[in-house]
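Whatever order the structure lists ligands and atoms in, that order sets their numbers, starting from 1. Just the heavy atoms: all of them, side chains too, but no hydrogens, waters or symmetry mates, feed the values below. Please read all numbers here as calculations on a predicted model, not as lab measurements.
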Amino acid sequence: MKIVAFNGSPRGRKSNTDRILLPFLEGARESGAETEVIYLKDKKIEYCLGCFTCWTKTPGVCVHKKDDMPELLENIRQADVVVYATPLYIFTVSGLMKDFMDRHIPLALPFIVKRGDQYIHPMRHEEAWPKRMVLISNCGFPERHHFSALVETFRCFTSGPDSDLVATILCTCGELLGQPALGESVRWYTEAARRAGCEVVEQGRVTPETQAVLDRPLVEDPAVYSRMANAYWNSVVARPEDEAELRESGGGARLPPPTSRDTMRDIVAGMALIFDPQAAGDPSTGTGQALQAVIQFDVSPSTGLRTGGGEPGQYYLHIAGGKCAAYEGNHPAPTLTIHTPAEVWLAISRGELDGAQAMMQGQYSVEGDLGLLIRFNQLFPTAKGE
Ligand SMILES: Cc1cc2nc3c(=O)[nH]c(=O)nc-3n(C[C@H](O)[C@H](O)[C@H](O)COP(=O)(O)O)c2cc1C
């Protein structure tokens with residue numbers, strides 16, 4: 001069985017779409033299929049001119065002769081299963097994917113004939129059809145209804161006798177797929193995508209059990225997801241008031257969003273992302289006095305008892321007005337200071353070590369407002385997919 005997948009994200013190999021598509025294809029290969037991924041962003045695809053030359057003067061051949069579409073249409077003709085993988089853009093496929101789909105027109109004949117209870121265009125090369133189709137998408141919002149127009153598009157696109165939509169994988173909160181720091185927390189989803197790939201090859205379609213997992217959001221509570229998303233945007237949106245905030249926050253250098261869970265720099269940056277303003281008494285939520293605090297991390301190198309020093313140094317979290325930002329440097333007046341070897345706090349943050357017990361055993365020490373430390377679980381709730 002040959003599976004050809006078209007990735008329509010302008011982000012190509014760095015896309016969230018790829019993070020679902022690749023495990024799906026991996027599963028398909030494990031079950032014996034031959035697979036190929038084509039990144040539309042790397043291809044020259046002119047948009048359809050609507051001239052119908054491919055139906056009239058040069059049947060089956062488009063007027064755009066110098067782009068990559070002829071080879072891509074041949075890829076489709078040769079495939080048993082075609083995967084359309086696209087981010088959700090304005091409730092539907094990306095522009096790249098739409099141009100590509102519009103250019104499928106030479107594959108069909110112009111005539112309108114009745115098949116079953118509907119009128120369709122028959123396919124030009126009858127021997128190459130029917131085909132199985134797969135839709136893979138992800139979107140930025142947490143609710144599934146954002147996919148409704150896309151689902152309807154593909155229901156119609158595959159409703160004729162020549163195609164059968166055998167799998168639909170739609171992932172809400174899709175931006176979380178690309179966060180390296182959350183790799184483990186979203187593995188249950190990519191694992192289900194891999195299973196779906198196996199099932200399409202072995203059973204012809206996705207089982208209801210796997211589909212049920214694929215229909216689950218990466219984060220159950222939309223409020224938690226929106227907080228994570230907004231914290232991320234807050235950390236990357238350029239604002240003139242950033243300068244003032246920096247001065248007020250002690251002059252450290254703002255930490256970029258985390259790229260792993262292996263360094264203290266990333267762990268502290270990640271704490272700012274998962275910060276819950278409600279737990280800090282965000283005044284905008286009417287939950288009382290907003291917490292104002294600075295949490296300083298004084299991170300010493302690995303003690304040698306464990307491996308992995310994880311970037312020792314000075315980092316701090318500045319909490320004010322329902323926001324939390326992470327910095328590198330020494331704050332002059334921290335509310336709470338945590339003196340810890342890097343590997344101890346890394347182990348706590350991975351859930352391998354109990355924070356309270358580690359403190360009582362002297363594995364790390366604190367100065368200042370211990371009450372703040374006790375609130376850590378509420379202030380920095382961990383996002384779990386399962
Ligand atoms: C132009 C544009 C339009 C978008 N429209 C939507 C939308 O209608 N609904 C939604 O939930 N997310 C929307 N998003 C967010 C993307 O679906 C989201 O960022 C996704 O994770 C991108 O996937 P990718 O990394 O595979 O390209 C849009 C993003 C862009 C850039």
Would you mind checking if Asp99 and Arg103 are paired as a salt bridge, meaning a charged N to carboxylate O distance below 4.0 Å? no
Six-ring centre of Trp188, Arg216 cation under 6.0 angstrom, axis tolerance 45°: yes
Is the closest basic N to carboxylate O distance between Lys43 and Asp67 below 4.0 Å? no
The closest protein heavy-atom partner of atom 28 (C) of ligand 1 is Leu88 O, 3.5 Å
Show which atoms of ligand 1 fall inside a sub-4.0 Å distance from at least one heavy-atom site of Phe91. 7 (C), 8 (O)
Per-atom contacts of ligand 1 with Pro87, taking only distances under 4.0 Å to non-hydrogen atoms: 22 (C), 23 (O), 24 (P), 26 (O), 27 (O)
So if I count the atoms of ligand 1 from 1 in the order they appear, which ones are less than 4.0 Å from some heavy atom of Thr17? 24 (P), 26 (O)
Does a salt bridge link Asp42 with Arg13, judged by any charged N lying under 4.0 Å from a carboxylate O? yes
May I ask you to check if Arg265 and Tyr315 form a cation-pi contact, with NZ or CZ under 6.0 angstrom from the six-membered ring centre and within 45° of the axis? no
Within a distance under 4.0 Å of any heavy atom of Ser9, pick out the atoms of ligand 1 and give their elements. 24 (P), 26 (O), 27 (O)
Should one rank Asn16, Ile90, Thr86, Ile20 by closest heavy-atom distance to atom 7 (C) of ligand 1, which comes out on top? Ile90
Give the atoms of ligand 1, by number and element, whose distance to some non-hydrogen atom of Gly140 is under 4.0 Å. 10 (C), 11 (O), 12 (N), 15 (C), 16 (C), 17 (O), 18 (C)
